[in-house]
Amino acid sequence: MDHAADTFRTDLMTITRHVLNEQSRHPESRGDLTILLSHIVLGCKFVASAVNKAGLAKLTGLAGETNVQGEEQKKLDVLSNEVFVNALVSSGRTCVLVSEEDEKATFVDPKLRGKYCVCFDPLDGSSNIDCGVSIGTIFGIYMIKNQDTVTLEEVLQPGKDMIAAGYCMYGSSCTLVLSTGNGVNGFTLDPSLGEFIMTHPDIKIPPKGKIYSVNEGNAKNWDTPTAKYVEKCKYPTDGSSPKSLRYIGSMVADVHRTLLYGGIFLYPADKKSPSGKLRVMYEVFPMSFLMEEAGGQSFTGKGRSLDLIPTDIHERSPIFLGSSDNVEEIKALYAEEA
């Protein structure tokens, strides 16, 4: 991409224009998803602004409470959650919300209800806030058949039923990656315009990558296939070069790098967390949806991640996702173990 030439472009593909173009591909559409996505984008802009001035505004540090996961909530966590809940409810297009920060699902007032369920992690990687490492928002969108009588059971859908997913990464630049089921596109926030501009059209993950991303501090608790795979990455027996380890500890940042450069991101189950650590509905499902739309794979250690049917809104799962060939290698190791 010629960035110098792009500086003087006036025909920019904004995220709003892109979503409207996608809407035009569905003549039966009434624009509800477009309106919902515009409210999510607004929430991302608000949080991006808050993250950028967090230190100055004393938004870092603890809010003095713990969330449902038992993690201490940061002030910015609490603010981000309020921002997204308010943005989603005010869109008039949601009937139920599932947030990492709230113990129970939020059922929208019947007068303001629409046909969508949004599951989101308002600020993923928040333990990195105080040291300036990239953090982000993750979201997934489902359709609810009957918004007037929606129940929690209708929210617990498999990931393959998701209609849209995305994440917004707040780092050296603010990048929003989105899929509505027709490929994956990346947009970068231009602060001078206040608009997300398409900078990564039609993202395709390389079929094989040279980077693996895992918390090796948990190595003593890993199962055999994970340990074998990481050993193979470091000491290949086929004459190839060892893979590079890159681990940030912020899922949005680690998955974003994996999506662009290829490779594999691993967060396996272990003796300490036998069900895995990442939450199914607002971490595993949206990231798996994006990865598959970009030509990659996502695996739980037992099967395809998007085939999982959650039984609880905060359920956890192991996950291995990334380039197709890399994921196939770990699938083979699990099959061998079985």
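Everything quoted here is computed from the prediction, not taken from an experiment.
Here His18 pairs with Phe187 under the ring-ring contact (aromatic ring centres under 6.0 Å, His included) rule; sequence neighbours left out. Here Tyr167 pairs with His256 under the ring-ring contact (aromatic ring centres under 6.0 Å, His included) rule; sequence neighbours left out.
For the pair Arg316 (side chain) and Ala269 (backbone), a donor-acceptor distance under 3.5 Å is absent. When atom types are taken as modelled, the side chain of Lys45 and the backbone of Gly194 share a donor-acceptor pair closer than 3.5 angstrom. Formation of a donor-acceptor pair under 3.5 Å by the Ser298 side chain with backbone atoms of Leu321 is not found in this model.
Ion pairing of Arg30 with Asp32 is present here, as a side-chain N (NZ or NE/NH1/NH2) and a carboxylate O approach within less than 4.0 Å. A salt bridge is defined here as a Lys NZ or Arg NE, NH1 or NH2 lying under 4.0 Å from an Asp or Glu carboxylate O, and Asp121 with Arg279 fails to meet this definition. Under 4.0 Å is where a charged nitrogen must lie from a carboxylate oxygen, and between Lys228 and Glu231 no such pair does.
With a 6.0 Å radius and a threshold of 12 heavy atoms from other residues, nucleotides or ligands, Lys104 has its NZ atom at or below the threshold. Applying the 6.0 Å contact sphere to CZ of Phe107 captures more than 12 heavy atoms from other residues, nucleotides or ligands. The number of heavy-atom neighbours closer than 6.0 Å to OH of Tyr247, taken from other residues, nucleotides and ligands shown, is above 12. Other residues, nucleotides and ligands contribute only 12 or fewer heavy atoms inside 6.0 Å of the NZ atom of Lys210. The neighbour count for Lys302 NZ, taken as heavy atoms of other residues, nucleotides or ligands under 6.0 Å away, does not exceed 12.
Of all non-hydrogen atoms in Lys115 and Cys95, the two that sit nearest each other are C-SG, 4.4 Å.
A heavy-atom distance below 4.5 Å is not found between the side chains of Leu189 and Leu176.
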